[in-house]
Amino acid sequence: MSAPCEPRATAPASAPPPPAPPAPPVASATASATAARRPALDWRIRFAGLSLIWGFSFLLIKVGTEGYAPFQVTFGRLLAGAAVLVAAMVMRRERLPRSARTWGHLTVAALLLNALPFSLFSYAELTIPSTLAGICNATSPLWGMVLSVVALSEDRPTRRRVAGLGVGFLGVLTVLGAWQGFSGLDLPGTGMALLASFCYPVGWIYVRRTLAGTGSSTLALTGSQLCLATAQLALVTPLFTSAPTSLPLLPTLSVLALGALGTGLAVLLQYGLVQEVGPTTAQMVTYFIPVIATAAGIALLGEQLSWNTPVGALVVLVGAALTQSRPRRSAAATPAPPPAPGSPSIEPAGRDPRLPQP
């Protein structure tokens, strides 16, 4: 965030403006460094790119499972994503966390935020459309509000947020066709997709309580976390799957794109947006994901869509938006101090910089 400009006195129109004093060498160097760090692309373009990457991730998962077992899709995804983040860490000369306690907490975070939800989505898409998986992913803010009320004493619900919770779950029932007795719906697959979305707020709360103030950068923590998740899948995958006998082109490319773009590059875009425009604006990408996932599934995979799916998805997004609303602070309120460098966001659960990755 740039420093606020100081007010300048307005000189008379007839008087030439006084010459600006030469900038000190240190100030000039700092300004040059700030300009060099400024992203080349406008944040709106990066926001749109992140929305597209995560929206298409459900399609990529679906295509990947056509050639590989779900655990293999997740392992390939994590391996490619971790490679991208490790390369970024090397380029930026980031140091790995040194505390054994931090590594222990990162291991749990890797399970809750990566290994488990990624695997659940892969298994879910064996039996449900990618469009439904994308809509289930949008319920994460709803679960986040419920858990934040239970686990975070300072995050008390307002009437609007409680109403949003009710609206959101009404939308879930609409998507699932509850009035039809859930006929034609694959309950195990849908349940796994909803459980995957539930894992994210659980992981957010755990990260917030255990990894704040570690002294490591967010890139170092996330890169280490992905490496640990990759190691977890490297242990699990051989126990439940056999080695593939072939490498089908389209599923292989889908898994690589899912990891390198949807897990690696997307994380870098995500944290860049959080730093530039804040977590409140950056989290809005969550509401575009199901729209893009639905459009991609229908246009490219030929998935069928009944009327209750888009209507329910819209209701879910409205409810999720209401659960994230916050009362405006008065002008006299003292602003909260910014979080320490490298620490996770101090925003309430559901608004953590670690947005739910599909």
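Bear in mind the structure is a predicted one, so any value in this text is a computation, not a measurement.
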For this session: Could you tell me which non-hydrogen atom of S51 sits nearest to which non-hydrogen atom of I292, and how far apart they are?
Result: O-CD1, 3.3 Å
For this session: For A293, check side chain to side chain contact (heavy atoms under 4.5 Å, CB included) against everything at least two apart and list the hits.
Result: F58
For this session: Would you please name every residue forming a side chain to side chain contact (heavy atoms under 4.5 Å, CB included) with L301, sequence neighbours left out?
Result: L59, K62, V63, S130, E303
Problem set entry | Candidate pair T214 and S99, rule side chain to side chain contact (heavy atoms under 4.5 Å, CB included), full reasoning | CA-CA 9 Å; T214 60; S99 169; over 6 Å; no
Seminar exercise, completed: Sorted by chain and number, sequence neighbours left out, side-chain hydrogen bond (donor to acceptor under 3.5 Å, both in side chains) with T230 holds for none
For this session: Output all residues satisfying salt bridge (charged side-chain N to carboxylate O under 4.0 Å, His left out) with R93, sequence neighbours left out; order by chain, then residue number.
Result: none
Exercise. Other hydrophobic cluster members with V90, side-chain heavy atoms of Ile/Leu/Val/Met/Phe/Trp/Tyr under 4.5 Å, chained?
Worked result: V86
For this session: For L228 and A110, work out which heavy atoms get closest and say how close.
Result: CB-CB, 4.0 Å
For this session: Report the residues that fulfil side-chain hydrogen bond (donor to acceptor under 3.5 Å, both in side chains) with Y68, sequence neighbours left out, ordered by chain and then residue number.
Result: T252
Exercise. When you look at V108 and V207, which way does the side chain to side chain contact (heavy atoms under 4.5 Å, CB included) test go after all the steps?
Worked result: CA-CA 9 Å; V108 178; V207 165; over 6 Å; no
Problem set entry | Main-chain N/O of T263 paired with R77 side-chain donor or acceptor, under 3.5 Å | no
Problem set entry | With sequence neighbours excluded, residues passing side chain to side chain contact (heavy atoms under 4.5 Å, CB included) with A313 | I135
Seminar exercise, completed: Heavy-atom closest pair (V277 atom, A282 atom, distance to 0.1 Å) is CG2-N, 4.2 Å
Exercise. Is V73 close to P70 at the side-chain level, that is, under 4.5 Å between some pair of heavy atoms?
Worked result: no
Name each donor-acceptor pair under 3.5 Å that joins a side chain in residues 236-248 to protein atoms two or more places apart or in another chain, with its distance.
from, atom 1, to, atom 2, distance (Å)
T237, OG1, L233, O, 2.7
T241, OG1, T237, O, 2.7

Problem set entry | With sequence neighbours excluded, residues passing side chain to side chain contact (heavy atoms under 4.5 Å, CB included) with L85 | L219, T222, L226, V267, L268
Problem set entry | Within 6.0 Å of CZ in F288, more than 12 heavy atoms from elsewhere | no
For this session: Name all residues meeting the side-chain hydrogen bond (donor to acceptor under 3.5 Å, both in side chains) criterion together with Y206; count only those two or more places apart in sequence or in a different chain, and write none if there are none.
Result: H105
Exercise. Going by side-chain heavy atoms closer than 4.5 Å, which hydrophobic residues are tied to L305, directly or by a chain of links?
Worked result: I298
For this session: With rounding to the nearest 0.5 Å, note down the distance linking CD1 in I53 to CG in L269.
Result: 5.5 Å
Exercise. With Q232, which residues qualify under side-chain hydrogen bond (donor to acceptor under 3.5 Å, both in side chains), at least two apart?
Worked result: none
